[in-house]
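See structure below.
Letters A, B, ... are given to chains in the order of the sequence lines, protein chains preceding strands, and every chain is numbered from 1. Excluded from the calculations below are hydrogen atoms, water molecules and symmetry mates; all remaining heavy atoms, backbone and side chain alike, are included.
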Amino acid sequence: AQKITQTQPGMFVQEKEAVTLDCTYDTSDQSYGLFWYKQPSSGEMIFLIYQGSYDEQNATEGRYSLNFQKARKSANLVISASQLGDSAMYFCAMRERNTGNQFYFGTGTSLTVIP
Amino acid sequence: SAVISQKPSRDICQRGTSLTIQCQVDSQVTMMFWYRQQPGQSLTLIATANQGSEATYESGFVIDKFPISRPNLTFSTLTVSNMSPEDSSIYLCSVDAGITSGANVLTFGAGSRLTVL
């Protein structure tokens with residue numbers, strides 16, 4: 001089974017609007033972390049936000065927030081007030097305590113912000 | 001967090017040749033990770049490079065095809081050997097950046113985009 005599933009290959013959003021990028025995960029570990037990365041066309045992977053499995057509150061970092069629903073095993077990224085520079089690939093990733101250093105990445109969602 | 005310099009940033013290579021990618025970190029790190037991202041795909045871990053020992057390869061990747069060096073705590077190289085068009089990918093070096101936002105976050109280099117003709 002896939003560890004990380006991103007079901008939206010491509011998304012469009014109007015500038016200044018909010019957008020939600022979906023991510024579901026599969027793990028039997030009680031301790032794990034969820035991450036979102038942004039990859040612009042240049043290819044670099046940029047860390048955006050992190051959510052720990054034991055965190056009670058949803059993580060927020062500026063315009064990014066993570067809608068963490070543990071029972072549903074989902075960790076959706078919400079980008080508020082979209083900007084043209086947000087156009088990029090977005091990857092959800094997970095790290096489990098039991099598997100040590102292994103990061104599992106989803107297949108990514110391509111976001112295009114429309115002016 | 002750590003700053004990673006990776007080169008070359010891109011290259012066009014001929015089938016059958018080999019290319020070495022360099023990764024330099026601005027601080028000492030125990031482990032460095034090499035990932036491959038094939039066109040339109042997600043990231044796949046190739047191997048973990050430890051200083052002073054052999055790299056640990058993931059299933060589907062072998063040392064003969066992807067030899068790795070780790071001569072010190074700030075530097076590593078990945079060689080893609082006997083390249084074929086299927087090796088056309090972005091190759092990314094990464095390290096554990098330490099605690100950021102309460103977690104060990106992976107920091108990545110800018111990537112090396114290889115095209116094999």
*What pairs with A/Thr24 under side-chain contact (heavy atoms from CB on, under 4.5 Å), at least two apart in sequence or on another chain?*
A/Thr5, A/Ser74
*Which pairs pass salt bridge (Lys or Arg N to Asp or Glu O under 4.0 Å) with one or both residues in residues 26-55 of chain B, sequence neighbours excluded?*
none
_If the contact rule is any heavy atom under 4.5 Å from chain B, which residues of residues 38-46 of chain A qualify, in numerical order?_
A/Gln39, A/Ser41, A/Ser42, A/Gly43, A/Glu44, A/Met45
*Could you state whether B/Met83 and B/Tyr57 fall into the same hydrophobic cluster, counting links through intermediate Ile, Leu, Val, Met, Phe, Trp or Tyr residues with side-chain heavy atoms under 4.5 angstrom apart?*
yes
*Can we call the ring centroids of A/Phe47 and B/Phe108 under 6.0 Å apart?*
no
*Among A/Gly106, A/Pro9, A/Ser110, A/Gly108, residue most engaged with chain B (heavy-atom pairs, under 4.5 Å)*: A/Gly106
_Test side chain to side chain contact (heavy atoms under 4.5 Å, CB included) applied to B/Val105 and A/Tyr37, step by step_ = CA-CA 10 Å; B/Val105 176; A/Tyr37 284 84; 3.5 Å; yes
_Heavy-atom check, side chain of A/Phe103 versus side chain of B/Phe33, under 4.5 Å_ = no
_Portion of B/Gln37 that has a non-hydrogen atom of chain A nearer than 4.5 angstrom_ = side chain
_Positions in residues 109-117 of chain B that reach chain A, provided some heavy atom is under 4.5 Å away_ = B/Gly109, B/Ala110, B/Arg113
*Would the number of heavy atoms belonging to other residues, nucleotides or ligands and lying under 6.0 Å from NZ of A/Lys70 be above 12?*
yes
*If you look at every heavy atom in A/Phe105 and B/Ser42, which pair is closest and at what distance?*
CB-OG, 3.2 Å
*Counting only heavy atoms closer than 4.5 Å, note whether B/Leu43 contacts chain A via side chain, backbone, both or neither.*
both
